[in-house]
Every structure is written in C-alpha cells, then in structure tokens.
Amino acid sequence: MMRRRHLLLLYVLAGCASPPRPAPPVSHVPPPAATAPAPPPVVSVKPPTASGDMIFDAWAAEFQGRALAAGIRPDVLEREMAGLTPDSKIAALDSRQPEFSRPVSAYIKGVVTPDRAALATSRRDMAEFDAIEARYGVPREILMGVWALESGFGAIQGDYDVIRSLATLAAQGRRRDWAEGELIAALKIIQSGEHPRAQLRGSWAGAMGQTQFIPSTFLSTAVDHDGDGRRDIWRNRADALASAANLLAKGGWVRGQSWAREVTVPAGFDFSLTEGPKLTPDQWAQMGVVRADGLPWTEADRTAQAQLSAPAGAAGPLFLLFPNHFAIRKYNNSLAYALGVGLLADSFSGAGGLTRPWPQEQPLSLVDRMTAQRALAALGFDPGAPDGVVGMNTRTALRAWQKARGLTADGYLSPDMVRRLKAEAGAS
C-alpha cells in the first residue's frame with residue numbers, strides 16, 4: 001500500500017513539472033546591417049549662360065560649386081549669375097598701375113581744402129552725431145573726415161553693379177580669393193532679403209554706400225542706427241555714419257585720445273627711429289621730441305604708445321601717431337589716407353594748420369621706384385619684391401642703407417636717393 005501511494009505521488013509530481021524548453025537553434029544568417037544614411041540630395045544648378053569670354057565662363061562654372069558650399073541657395077545663384085558678363089572697364093582699372101606715384105604732400109593738399117571744411121561746417125550739428133558719439137566714442141569730426149573722403153559727404157557713391165564688378169575681378173584671377181569672398185558676401189546680402197541687387201551699387205572695386213563698405217564689412221559691421229529694421233548705408237546717413245563709427249570702434253578707437261600730433265625733433269636726431277618703436281610722449285620727450293604747438297600733452301595722450309612718422313622725409317612735417325591713427329587705417333590701410341582723415345578732422349574742429357609746411361615733392365616714376373628696389377637688393381638690403389610699391393619693407397631697407405652710409409635715415413625715397421642707389425649698385 002505504501003509503495004503504491006509512493007508511486008502515485010511520483011506520477012502527480014511528474015505531471016505538474018514543466019518540461020524543459022529546447023535551446024533555440026543556432027542561426028547562420030548574419031543580422032541585418034544598420035541602415036546607411038541617405039546620401040545628401042544632389043543640388044542641381046543650371047550652368048551659367050555663356051558670356052562669350054572663355055576665361056570668365058570657365059571661372060563662372062567653377063564658382064558655382066564654391067558658392068553653393070558657402071551657403072548660397074541654388075535659386076539665388078542661378079538668378080544673379082544669369083546673363084552675367086565681365087565689365088571691360090573694371091578689368092582695365094584693376095590692371096592699371098600708376099606710372100607715377102602721387103607724393104603724400106600732393107595727396108594731403110588735394111584733400112584738406114577750404115571747400116571741404118565749409119561743407120563740414122554745415123553738417124557739424126546734425127542730430128545723429130550726438131547719439132553716435134555717445135555710443136561709439138568716435139568724434140564727429142573724424143566721422144566727417146571719413147564721410148568726406150569716401151563719398152564727398154554721400155554725393156559720390158559709385159554706380160557700378162557690385163555683383164558684376166566682383167565677378168569680373170574674380171575671373172581675372174589677380175585677387176581671386178578676395179573677390180570671390182566679397183562676391184559671396186554680396187550674394188548673402190541679397191539672399192537675406194535685406195537689400196535687392198539693384199541697391200548694391202558702388203565703386204568699381206565693390207565698395208558701397210556713403211561710407212564705401214565692401215560686402216563682407218557690411219555683413220559684419222554695418223548697423224541699423226535708426227531702428228527701422230534695415231541697415232541702409234546708401235540712403236540713410238545715420239546708418240552710414242554709425243556703421244563707420246562701429247568700424248573704427250571695432251578697430252581699436254580709444255575715447256578721448258588724439259589720432260596724431262605734429263612734433264619737432266632736435267638737430268642731429270636719429271631718424272631711423274621713424275616707423276619704429278611705440279613709446280609714450282614722455283619717453284619721446286627724453287629724446288627731444290615735443291609737440292610742435294608747444295602745448296602740454298593731455299593725460300589721455302601722455303599714457304598712450306605713439307609712433308614717430310616722417311611721411312615726407314626729414315624735411316616735411318613730423319607726427320606722433322597714436323592708436324587712433326591705426327584705427328583709421330583699419331578703414332583703409334594707407335598712411336596718406338589716415339593722415340588725410342585726421343588732418344581734415346582737425347580743420348573741421350578749427351585747429352590751426354601745421355607749423356612745418358609740406359615740401360614740394362617730385363613724383364617718382366614706376367621705373368625709378370623699381371630700380372631703387374633692385375639696387376637695394378643688390379646692395380644687400382632686402383626691400384621685398386621689386387613691384388614699384390614703396391611700402392614698409394622698402395622704407396625699412398632704405399633706412400638701413402641710409403644709416404649705413406651716414407645719411408639721414410628717414411626712409412624717404414627721393415630722386416636724389418634713387419640716383420645714389422643706382423650709382424652705388426652700378427659701381428658694385
């Protein structure tokens with residue numbers, strides 16, 4: 001009996017237990033591969049219409065890809081490039097190198113005129129200036145100097161189609177990277193809806209409006225001063241002047257400091273210091289460099305680092321250039337331009353003229369300038385490429401040669417210096 005009950009219990013337990021689950025079969029099929037991302041859609045752009053100029057057409061076909069990669073929409077690119085042709089006038093202007101360089105004295109005499117001072121007088125009290133000066137710290141006289149030189153107080157802005165101008169310059173290739181960058185910036189202005197192409201008129205080199213901004217500078221620096229939702233440097237003088245002030249402020253303008261001051265130096269002064277160290281006026285005074293008007297330095301100027309400049313050589317007026325001078329050169333990196341703006345500003349504020357007049361300078365031909373550069377190189381004073389541009393490298397080399405020969409080392413390339421260099425290089 002006990003045995004029977006034991007067997008019955010085993011049968012019950014066996015019936016209640018779950019049978020073991022079989023192991024899943026081993027699969028020899030690889031798992032599905034991860035879905036590859038879909039390739040980016042191919043952007044198709046109609047090829048530009050042939051202009052008949054093979055060089056221009058080849059450039060335009062290549063430029064399309066670079067413009068698309070820079071974010072220009074296909075519809076904008078097709079519309080603005082359609083029917084585009086090079087401008088032969090721009091090609092001629094860009095390739096023209098002046099046979100004679102214009103001396104700085106002639107430039108300044110042509111810039112700082114009674115007519116400009118009279119025109120500025122009628123604009124000094126414009127309501128816009130108070131707010132612009134308060135916000136950016138740039139005096140109205142400096143802004144009027146820029147305004148006068150860039151567009152004749154807004155009267156001469158240029159009437160070239162900026163898109164066509166920059167496309168022509170890019171296709172020529174001499175400044176291709178720069179011109180293409182500006183062309184893309186101009187297309188971005190159009191694409192944004194801020195201004196149509198018809199508004200983008202300017203100089204043959206692409207500078208626009210009353211303050212002559214290139215397109216990239218417009219994008220980065222132009223401001224909507226009157227708050228109407230549009231930065232209009234063509235028709236709105238407040239926007240134009242505030243944009244110029246913003247450019248100078250971003251370039252390092254220091255509130256309350258001078259842009260430059262005329263100075264005098266003692267006899268026997270070492271002119272090789274021109275365009276060299278930047279020292280405080282007190283440090284320059286230890287070498288005998290003092291204000292030409294005899295007035296003391298303001299506290300703001302006394303603590304500034306200033307550079308000595310002799311733009312027309314030792315015989316011409318001398319200046320200590322303050323940081324604000326170099327802020328002006330962010331607008332146009334030219335010593336003559338910055339001097340023109342600053343001296344115009346001084347005349348607008350009623351300041352007296354220079355104590356030392358500009359000398360009567362003789363223009364140098366391109367051949368003379370290149371010959372002088374080659375002579376300096378032959379004599380072991382490297383001026384860089386013999387391109388006829390008397391820039392910093394040439395002036396530095398000339399100062400070193402002048403100092404080595406016991407001459408006044410002002411770095412000024414006069415006809416006499418050209419003759420001396422030619423004679424020495426020929427003899428050697």
Side-chain angles (χ1 to χ4, degrees), residues 112 116-117 120-121 123-150 153 210-213 217-218 220-227 231 233 236-263 277-285 289-293 295-309 319-335 337-352:
V112 185
R116 280 200 170 99
T121 300
R123 292 163 170 79
R124 280 183 54 84
D125 297 327
M126 292 190 321
E128 298 94 326
F129 277 132
D130 290 337
I132 293 172
E133 285 180 328
R135 180 173 182 182
Y136 300 102
V138 182
R140 65 190 64 196
E141 292 82 9
I142 290 290
L143 294 175
M144 286 193 293
V146 170
W147 195 20
L149 288 190
E150 294 295 342
F153 301 103
Q210 298 191 40
T211 46
Q212 293 291 280
F213 275 18
T217 303
F218 177 91
S220 66
T221 310
V223 296
D224 174 19
H225 181 73
D226 61 1
R231 300 174 295 174
I233 61 174
N236 188 320
R237 70 187 185 191
D239 284 2
L241 292 168
S243 297
N246 189 37
L247 190 156
L248 293 171
K250 291 173 69 173
W253 188 271
V254 182
R255 292 175 185 257
Q257 274 187 9
S258 300
W259 69 275
R261 288 291 179 189
E262 187 188 5
V263 294
K278 292 183 179 180
L279 307 171
T280 66
D282 285 345
Q283 290 172 317
W284 282 114
V289 180
V290 296
R291 282 181 60 153
D293 58 12
L295 296 175
W297 296 103
T298 65
E299 195 58 36
D301 289 350
R302 186 181 299 280
T303 58
Q305 300 287 310
Q307 185 182 68
L308 184 64
S309 176
F319 301 90
L320 279 187
L321 306 177
F322 290 92
N324 287 339
H325 166 89
F326 298 97
I328 298 172
R329 284 170 69 164
K330 296 293 178 65
Y331 214 111
N332 182 328
N333 190 22
S334 160
L335 172 63
Y337 175 86
L339 286 172
V341 169
L343 292 171
L344 264 179
D346 288 351
S347 72
F348 297 161
S349 64

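Residues: numbered from 1 along the sequence shown. Because the structure is predicted, anything quoted here is derived from the model rather than measured.
Summarising the geometry of A304 relative to P323, their closest heavy-atom pair is CB-CD, 4.2 Å, with the distance given to 0.1 Å. For the residue pair E128 and A238, the shortest heavy atom distance occurs at CG-CB, 3.5 Å. Summarising the geometry of Q210 relative to A240, their closest heavy-atom pair is CB-CB, 3.9 Å, with the distance given to 0.1 Å. Residues A260 and L321 approach most closely at CB-CD2, 3.9 Å, considering heavy atoms. Summarising the geometry of R123 relative to W147, their closest heavy-atom pair is CD-CZ3, 3.7 Å, with the distance given to 0.1 Å. Across all non-hydrogen atoms, the minimal contact from S220 to K250 is O-NZ, 3.1 Å.
D282 and W297 form no side-chain donor-acceptor contact under 3.5 Å, judged by distance and modelled atom types alone.
Between the side chain of R291 and the backbone N or O of P296, at least one donor-acceptor pair lies under 3.5 Å. The backbone N or O of G137 lies less than 3.5 Å from a partner atom in the side chain of W253, making a donor-acceptor pair. A donor-acceptor contact shorter than 3.5 Å links the side chain of D239 to the backbone of H225. Put simply, the side chain of R329 never gets that close to the backbone of A338: no donor and acceptor are under 3.5 Å apart. Between the side chain of Y331 and the backbone N or O of T211 there is at least one donor-acceptor pair closer than 3.5 Å.
Annotation: the span from S349 atom OG to R140 atom CZ amounts to 12.0 Å, rounded to 0.5 Å. Atom CG of residue L320 and atom CG of residue D301 lie 9.5 Å apart, to the nearest 0.5 angstrom. Note that OG1 of T303 is 6.0 Å distant from CD of Q257, once rounded to the nearest 0.5 Å. With rounding to the nearest 0.5 angstrom, the CG atom of L308 is 5.0 Å from the CH2 atom of W284. Between the CZ atom in F326 and the CG atom in L335 there is a gap of 8.5 Å [rounded to 0.5 Å]. Note: T217 OG1 to L247 CG = 6.0 Å, rounded to the nearest 0.5 Å.
In this structure the side chain of Y337 reaches within 4.5 angstrom of the side chain of E150, judged on heavy atoms. Between H325 and Q307, every side-chain heavy-atom pair lies at or beyond the 4.5 Å cut-off. Two residues are said to be in side-chain contact when any heavy atoms from C-beta on lie closer than 4.5 Å; S243 and R231 fail this criterion.
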**OP:** Could you walk me through whether T280 and Q305 pass side chain to side chain contact (heavy atoms under 4.5 Å, CB included), step by step?
**Re:** CA-CA 5 Å; T280 66; Q305 300 287 310; 3.4 Å; yes
**OP:** Output, in order, the C-alpha distance, side-chain angles, deciding distance and verdict of side chain to side chain contact (heavy atoms under 4.5 Å, CB included) for F218 and I233.
**Re:** CA-CA 9 Å; F218 177 91; I233 61 174; 3.9 Å; yes
**OP:** Go through the steps to decide whether N246 and L248 satisfy the test side chain to side chain contact (heavy atoms under 4.5 Å, CB included), and finish with yes or no.
**Re:** CA-CA 5 Å; N246 189 37; L248 293 171; over 6 Å; no
**OP:** Take R261 and F322 through the side chain to side chain contact (heavy atoms under 4.5 Å, CB included) test and state the conclusion after the steps.
**Re:** CA-CA 8 Å; R261 288 291 179 189; F322 290 92; 4.0 Å; yes
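Counting heavy-atom neighbours within 6.0 Å of R255 CZ, excluding the residue itself, gives a total above 12.
The cationic atom of R124 (NZ for Lys, CZ for Arg) does not lie both less than 6.0 Å from the six-membered ring centre of F348 and within 45° of the ring axis.
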